[in-house]
Protein chains: 2
Amino acid sequence: MRKTKTPPPAESVAAARAAEYKAAVVRENRRITSYDVAIVAGVSQSAVSRCFKPGASVSKSTYARVMNAAAGLDYIPNAAARSLITRRSNMVAVVISHVANLYYPEALAELSQQLTRRGKRVLLFTIPQETDVEPVLGDIWQYQVDGAIIAAALTDEQVQEFERRQLPLVVFNRNLHGRTVSSVLCDQYESGRLLATRLAAAGHRRFGIIAGPETSAVANERRDGACDRLRELGLPPPVVVPGQFDYASGARGLRDIIARLGDTPDAVICGNDVMALGCLDLARHELGIDVPGSMSVAGFDAIEPASWLSCNLTTLRQPMHNMALAAADLLTSMIEAHGNHTVEKRMFAPQLVVGSTARLLPPEGNSLAA
Amino acid sequence: MRKTKTPPPAESVAAARAAEYKAAVVRENRRITSYDVAIVAGVSQSAVSRCFKPGASVSKSTYARVMNAAAGLDYIPNAAARSLITRRSNMVAVVISHVANLYYPEALAELSQQLTRRGKRVLLFTIPQETDVEPVLGDIWQYQVDGAIIAAALTDEQVQEFERRQLPLVVFNRNLHGRTVSSVLCDQYESGRLLATRLAAAGHRRFGIIAGPETSAVANERRDGACDRLRELGLPPPVVVPGQFDYASGARGLRDIIARLGDTPDAVICGNDVMALGCLDLARHELGIDVPGSMSVAGFDAIEPASWLSCNLTTLRQPMHNMALAAADLLTSMIEAHGNHTVEKRMFAPQLVVGSTARLLPPEGNSLAA
DNA sequence: TTGTATGCGTTATCAT
DNA sequence: ATGATAACGCATACAA
């Protein structure tokens, strides 16, 4: 039994040592900790900790040795342990309703991107209805998130609980009137008014409105905006029928409106694009109504299919990208502020997307006199 | 100064005591801990801990006192501290590409729902491209998730790192051929074959294929399935053009195919529904092609707009609900197994959705002879 | 059933 | 720049 003639290079010796050490740790059913790295690297545990803290004071040589050992051991700092002492989890709760994500996946995608860019992880909660926030609140408290972005309906008590717990909260696209809570939103009421204004200016008189679910604040504001504006303009009250934000609701809604009116309306304002497309398709393909020749259809949201050739819907766009950006900014600044929460509402204006499903100009050579 | 004549009821005394205690804690800038609850309730800290552990042995009276104190103090167990000792975070990482969520929000919504139902929180990671998993892996290790569901492309090394770290992994809708990793998927290759088979049986001979991005394994398998099957049937090789899974790609793809073929193809197979609809709209509304009279169009996914009247696309549905269910089941069982990971692949068959954009029967009274 | 004591893996404070 | 030591908030083995 002789010793090996050619000793392996120092590097691989270190690697072998790390591998051996690691195997032992695994055998004991422990996890690799900063303490283990310290032993392998021949430094103190606090030195290891510092190496993983950006901007800490460590000499180049220790840093190198620690990083080598860490790599050999597959060491990664434990976020749970860290957050325990720093009181920062770098996680943000995002709450969105199931249906909202189905219809506007852009909202979640943008939020996730913006938060990630700011070094926050997203703890996602999808809820069946936008009024079902309560069950997830417990989780939000437990998981020590640094803040929350909620795109759902909150009660006064719920908002107050966030305050009580000093947890930064941004309400997304939900107008909590009179409540002192930071929020980012698109002006839904004004959206409704805008559509009514433009359609009325083009000479439409008999309006149908396919509203959204009663539980949806967004839907209600759109409807109210349109109704209020029509009343202001002295037009006959629109026929308002309910809907569930889905395609079928759009078709059903149009049938209901026609039944109640005894005739085709001049224009139909739909609570969202999905319903508008349901309404549009029924009108064109089943009822043979000329859109926009004898009836106009408009929606809200500017979802992608609305822009497709076969649809080319006239609708209102919510500037999702900027809204997500604003929400992420607002929340992170609240988190940095560390308790001095400055409440702020950021309201964005909708953008009219002119499609070919609504006539927005007065009929040619036709005075508006009845 | 006399004492109050009517002493407040015991309950409110307790409440007042809790409120006072809480104020003190807040003043010291501490958090409410199980220790605080113990003091207010007059029990030990471990008793408090037990009260929050379902199925622990606590007397009814202690439980009541603890819960009262906890309520008064707004106490909630700290998940980070808990996971530190239990080695369970009850969080699951879900990785999905940005575009995937835009096109199939259903996948994420279903996964989130199923995981929540099983008591797991979702730590969401959205990545720009499905090949960009690497940057999020570090976060996954750090955050001590109990497992991960990844709907993106993984390299061998990446899969091995999951194994090395003993982290349960389920790959969603991505076929990692030959790699021993649990996965849930829909048979994309077979989907491609199926579409080719049915269209060929109806007499289509000159095929165009609008493929998806080269980086998308799903897209490639659909394309390969179709191509292979057409070759088997002895049909002329299809004209294959690339696409990016978006609406514009569908239109551009059809133009390219027609240019390369010098004529309208008999059938176009599109890598997903969004492109299929882009192709369909161009054909009908710009090129005036009769679909399905003189050309058939089919896609994959059965996204919602595909079912709308104006589209009524012939496509293949992936049973998303069952797939999400399977993924959640698979992952949770791996987590329970505690290291004895049994690798399993669950492959689902696609379902043909017969729309009106593809002729699936031979033309009437027409022999197939050229 | 209840309480005592210990450890989970990290950061932060304070010397040196 | 580095190391010893004390938290962070909880769960669990063990003793009572």
Looking at side-chain heavy atoms only, is the closest gap between B/Ile76 and A/Arg165 below 4.5 Å? yes
By nearest heavy atom, map A/Arg30 and A/Val48 onto DNA chain C; which one lands nearer the 5' end? A/Arg30
Closest approach of B/Arg87 to A/Arg30 (non-hydrogen atoms, all atoms of both residues): NH2-CA, 3.6 Å
Go through D/dA11, D/dA4, D/dG9 for me and flag the one nearest to the A/Ser46 side chain. D/dA4
Give a yes/no answer on whether the side chain of B/Lys60 brings an N or O atom under 4.0 Å of OP1 or OP2 in C/dT1. no
Taking OP1 and OP2 of D/dA7, is either one under 4.0 Å from a side-chain nitrogen or oxygen of B/Tyr35? no
What's A/Ser57 touching, base or sugar-phosphate or nothing? Going by heavy atoms closer than 4.0 Å. base
Validation row: B/Leu154, B/Leu169 side chains within 4.5 angstrom (heavy atoms): yes
State the CG-CG distance between B/Leu124 and B/Leu111, to the nearest 0.5 angstrom. 10.5 Å
Selection from D/dC10, D/dA11, C/dT1 that lies nearest to any side-chain heavy atom of B/Asn78: D/dC10
In Å and rounded to the nearest 0.5 Å, what is the CZ to CG distance from B/Arg65 to B/Asn68? 10.0 Å
Any idea which of D/dC8, C/dT13, D/dC10 is nearest the A/Arg50 side chain? C/dT13
A/Ile85 has its side chain closest, among C/dT4, D/dA7, D/dG3, to D/dA7
Ion pair check, A/Asp329 and A/Arg118, cut-off under 4.0 Å: yes
Is the distance between the ring centroids of A/Tyr75 and A/Phe52 under 6.0 Å? yes
If you look at every strand shown and take non-hydrogen atoms under 4.0 Å, does A/Tyr63 touch a base, only sugar-phosphate, or nothing? nothing
Of the candidates C/dT11, C/dG3, D/dT12, the side chain of A/Gln45 sits closest to C/dT11
Would you classify B/Ser49 as touching base, sugar-phosphate or nothing, given that sugar-phosphate means primed atoms plus P, OP1 and OP2, and contacts are heavy atoms under 4.0 Å? base
So what does A/Ile32 touch, heavy atoms closer than 4.0 Å: a base, only the sugar-phosphate, or nothing? nothing
Under 4.0 Å between any heavy atoms, over every strand shown, what does A/Ser83 touch: base, sugar-phosphate, or nothing? Just pick one. nothing
Answer with base, sugar-phosphate or nothing: what part of the nucleic acid does A/Arg31 contact at a heavy-atom distance below 4.0 Å? sugar-phosphate
Base D/dG9 to side chain A/Arg87, donor-acceptor N/O within 3.5 Å cut-off: no
Side chain of B/Ser34: nearest nucleotide among C/dT11, D/dC10, C/dG3? D/dC10
Report which part of the nucleic acid B/Val58 touches: base, sugar-phosphate, or nothing (heavy-atom distance under 4.0 Å, all strands). sugar-phosphate
Heavy atoms from C-beta onward define the side chain here; which of C/dG9, C/dC8, C/dT11 lies closest to that of A/Ala81? C/dG9
With a cut-off of less than 4.0 Å, is there a side-chain N or O of B/Lys53 near OP1 or OP2 of D/dT12? yes
Against the side chain of A/Thr86, the closest entry in C/dG3, C/dA12, D/dC10 is C/dA12
Sugar-phosphate, base or nothing in reach of A/Thr33, heavy atoms under 4.0 Å: sugar-phosphate
Identify which nucleotide among C/dG3, C/dG9, C/dT2 has an atom closest to any side-chain atom of B/Thr62, counting heavy atoms from C-beta outward. C/dT2
Shortest non-hydrogen contact from A/Ala56 toward A/Arg50: CB-O, 3.4 Å
Where do B/Thr332 and B/Lys120 come nearest, in terms of heavy atoms and distance? CG2-CE, 4.3 Å
For B/Ser59 and C/dT1, is the shortest distance between a side-chain N/O and OP1 or OP2 below 4.0 Å? no
Would you work out how much the helix from C/dT1-D/dA16 to C/dT16-D/dA1 bends between its ends, with each end axis defined by five base pairs, to 10 degrees? 30°
B/Glu28 atom CD is separated from D/dC8 atom P, nearest whole Å, by 10 Å
